[in-house]
K.L.:
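Starting off with a structure, shown below.
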Amino acid sequence: MSADQTLALLLQLGLLLGCAVGLGRLARRLGMPAIVGELSAGILLGPSVLAHAAPGLYRWLLPDTPGGMHLLDSVGQFGVLLLVGVTGMSVDMGLVRRKGAAAAQVSAGGALVPLALGVAAGFLLPASLLAEGADRAVFAWFVGVAMCVSAVPVIAKTLLDMRLLHRDIGQMIIAAAAVDDVVGWLLLSVVSAMATTGIRAGEVTLAVGCLAGILLFARFVGRPVVGALLRLAARSAEPGAGVAVAVLIVLLAAAGTQAAGMEGVLGAFYAGILIGSSKWVDRERLAPLRTFTLSVLAPLFFATAGLRMDLTALADPVVLGAAGLLLAVAVVGKLAGGYAGARAARCDHWDALALGAGLNARGVIQMIIAMVGLRLGVLGMEMYTVIVLVAVGTSLMAPPMLRYAVRRGTAVSEEEARREKTLAVD
């Protein structure tokens, strides 16, 4: 790196982080998720606004060269892996097991219906939205996977803000969203392998076989290894030992799945689950990692993702129509699928509607899928912008829809009231 490149990178990171944090706080004050403000930082500094308002400054600060963007992408990729790892650490596997059968039914409906609708929409969208050289079938499956996921971090924050996490419906939403996330990462790995190796039956079978091998390896080898490393960290007097070990586990797991032809985020997510479910985990020592990831790395990633968006593309009726179509597919698919799964699990009408509304928030997970599709050359810039807009739109729609359904649902039970007091004490 030359001195000019170093200066440009430092200014880029400082400006993106400052704008992301400031706009994120403003978004929260306005009752919106922080991700909206953080993403807006990149939009304001990117081709949507700054490139038109001050083209000279934009070209100097964010030069249109592969090297300059690769440096930012590297920082963003590191942030994504740790963000996904921290998300995995937050998954309560005990809750998932306790609510297993019902959560699986809700998750199945909430994933399969939007997946099918998304794949169908991917085949119907105009060819102009495909990246150059992209296969239509792989493109359609990428759209389907993006439509079927839910975002545990956004959903958990929404439930906390609405004081619903202690309610049975809140616990069920989190459990179903956790299952949705696991399924989404698995599907993303398979579809990513299809994008790089083709969609021949043999290649897809090999990808699925590799995925099964990774999960078995994580279960029978990864779990004891993670436990041993966390046990060693717990014995250290250094408070940062646990953080270093957790980051090491997440990065090595991501490298392992990347080497196997899967996406690194799958390894990071499963590593987070292994860390969070280990009896040796010291959550108090890992608190600084969570704080740094959510306060610094995540805003930087979202701001960097915003740089990739060009909202001027929405002036094209084709792109605007695609955005409207996919937003409708995303909302209707989640609501109908989650509602059907909840009714199959014998939930009443309003609780089933609340489950569908809660799972509708896609947030960071769908944005990561969009970034992967852009990086693999499956999605073009216009389609990337559309999917990110759907992620933000569904995250904004989830709280009012959820509030409407919960107000008409069952009253707070004595057990839920006791649980709320316990959480308040903790």
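Residue indices begin at 1 and follow the sequence shown.
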K.L.:
What's the separation between atom CG in Leu335 and atom CE in Met401, rounded to the nearest 0.5 Å?
P.N.:
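If we round to the nearest 0.5 Å, Leu335:CG and Met401:CE are 4.0 Å apart.
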
K.L.:
A side-chain contact here means heavy atoms from C-beta on lying under 4.5 Å apart; do Pro47 and Thr312 qualify?
P.N.:
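Not in contact.
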
K.L.:
Looking at CG of Leu10 and CD of Gln12, how far apart are the two atoms once the value is rounded to the nearest 0.5 Å?
P.N.:
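Leu10 atom CG to Gln12 atom CD measures 9.0 Å (nearest 0.5 Å).
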
K.L.:
Taking C-beta and beyond as the side chain, do Val226 and Trp280 meet within less than 4.5 Å on heavy atoms?
P.N.:
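No, their side chains stay 4.5 Å or more apart.
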
K.L.:
Rounded to the nearest 0.5 Å, how far does CD1 of Ile43 lie from CZ of Phe302?
P.N.:
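It comes to 12.5 Å.
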
K.L.:
With heavy-atom distances below 4.5 Å as the criterion, would you say the side chains of Leu389 and Leu314 are in contact?
P.N.:
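Side chain of Leu389 against side chain of Leu314, heavy atoms only: contact under 4.5 Å found.
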
K.L.:
Can you confirm whether Phe123 is buried at CZ, in the sense that more than 12 heavy atoms of other residues, nucleotides or ligands lie under 6.0 Å from that atom?
P.N.:
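Result for CZ/Phe123: enclosed.
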
K.L.:
Is it the case that Thr394 and Lys334 place a side-chain donor and acceptor less than 3.5 Å from each other?
P.N.:
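There is no such pair (donor and acceptor under 3.5 Å, judged by atom type) between the side chains of Thr394 and Lys334.
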
K.L.:
Mind checking what makes ring pair (Phe, Tyr, Trp, His ring centres under 6.0 Å) contact with Tyr384, not counting sequence neighbours?
P.N.:
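Partners of Tyr384 under the ring pair (Phe, Tyr, Trp, His ring centres under 6.0 Å) test: none.
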
K.L.:
Going by heavy atoms in the side chains, are Gln366 and Ile387 under 4.5 Å from each other?
P.N.:
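Yes; the side chains approach each other to less than 4.5 Å.
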
K.L.:
Rounded to the nearest 0.5 Å, how far apart are CG of Leu379 and CG of Leu130?
P.N.:
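The CG atom of Leu379 sits 8.5 Å away from the CG atom of Leu130.
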
K.L.:
With a 4.5 Å heavy-atom cut-off, do Leu45 and Cys19 have their side chains touching?
P.N.:
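A side-chain contact under 4.5 Å exists here.
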
K.L.:
Roughly how far, to the nearest 0.5 Å, is CZ of Arg362 from CE of Met147?
P.N.:
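Rounded to the nearest 0.5 Å, the CE-CZ separation comes to 6.0 Å.
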
K.L.:
Which heavy atom in Val106 sits nearest to a heavy atom in Ala342, and how many Å separate them?
P.N.:
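The answer is CG2-CA, 3.7 Å.
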
K.L.:
To the closest 0.5 Å, what do you measure between CZ (Phe142) and CD1 (Ile369)?
P.N.:
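Spacing of CZ (Phe142) from CD1 (Ile369) equals 8.0 Å.
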
K.L.:
Can you check whether Met371 reaches Val80 side chain to side chain, under 4.5 Å on heavy atoms?
P.N.:
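Met371 does not reach Val80 side chain to side chain.
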
K.L.:
Can you find a pair of side-chain heavy atoms, one from Leu289 and one from Met89, that are under 4.5 Å apart?
P.N.:
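Yes, their side chains come closer than 4.5 Å.
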
K.L.:
Quick one, Phe78 and Leu251 - any side-chain contact, counting heavy atoms below 4.5 Å?
P.N.:
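Side chain of Phe78 against side chain of Leu251, heavy atoms only: contact under 4.5 Å found.
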
K.L.:
Using modelled atom types and a 3.5 Å cut-off, is there a donor and acceptor pairing between side-chain atoms of Arg285 and backbone atoms of Ala233?
P.N.:
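Judged by distance alone, yes, a pair lies under 3.5 Å.
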
K.L.:
Would you say Arg231 has more than 12 foreign heavy atoms packed within less than 6.0 Å of its CZ?
P.N.:
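Result for CZ/Arg231: enclosed.
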
K.L.:
Hey, is CZ on Arg375 packed in by over 12 heavy atoms from elsewhere, all under 6.0 Å?
P.N.:
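Check passes, neighbour count above 12.
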
K.L.:
Looking only at atom types and distance, does a side-chain atom of Arg223 sit under 3.5 Å from a main-chain N or O of Ser277, one as donor and one as acceptor?
P.N.:
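Absent.
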
K.L.:
Check for a donor-acceptor pair, side chain of Thr293 on one end and backbone N or O of Arg290 on the other, with a separation under 3.5 Å.
P.N.:
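Side chain of Thr293 to backbone of Arg290, a donor-acceptor pair under 3.5 Å: no, none is there.
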
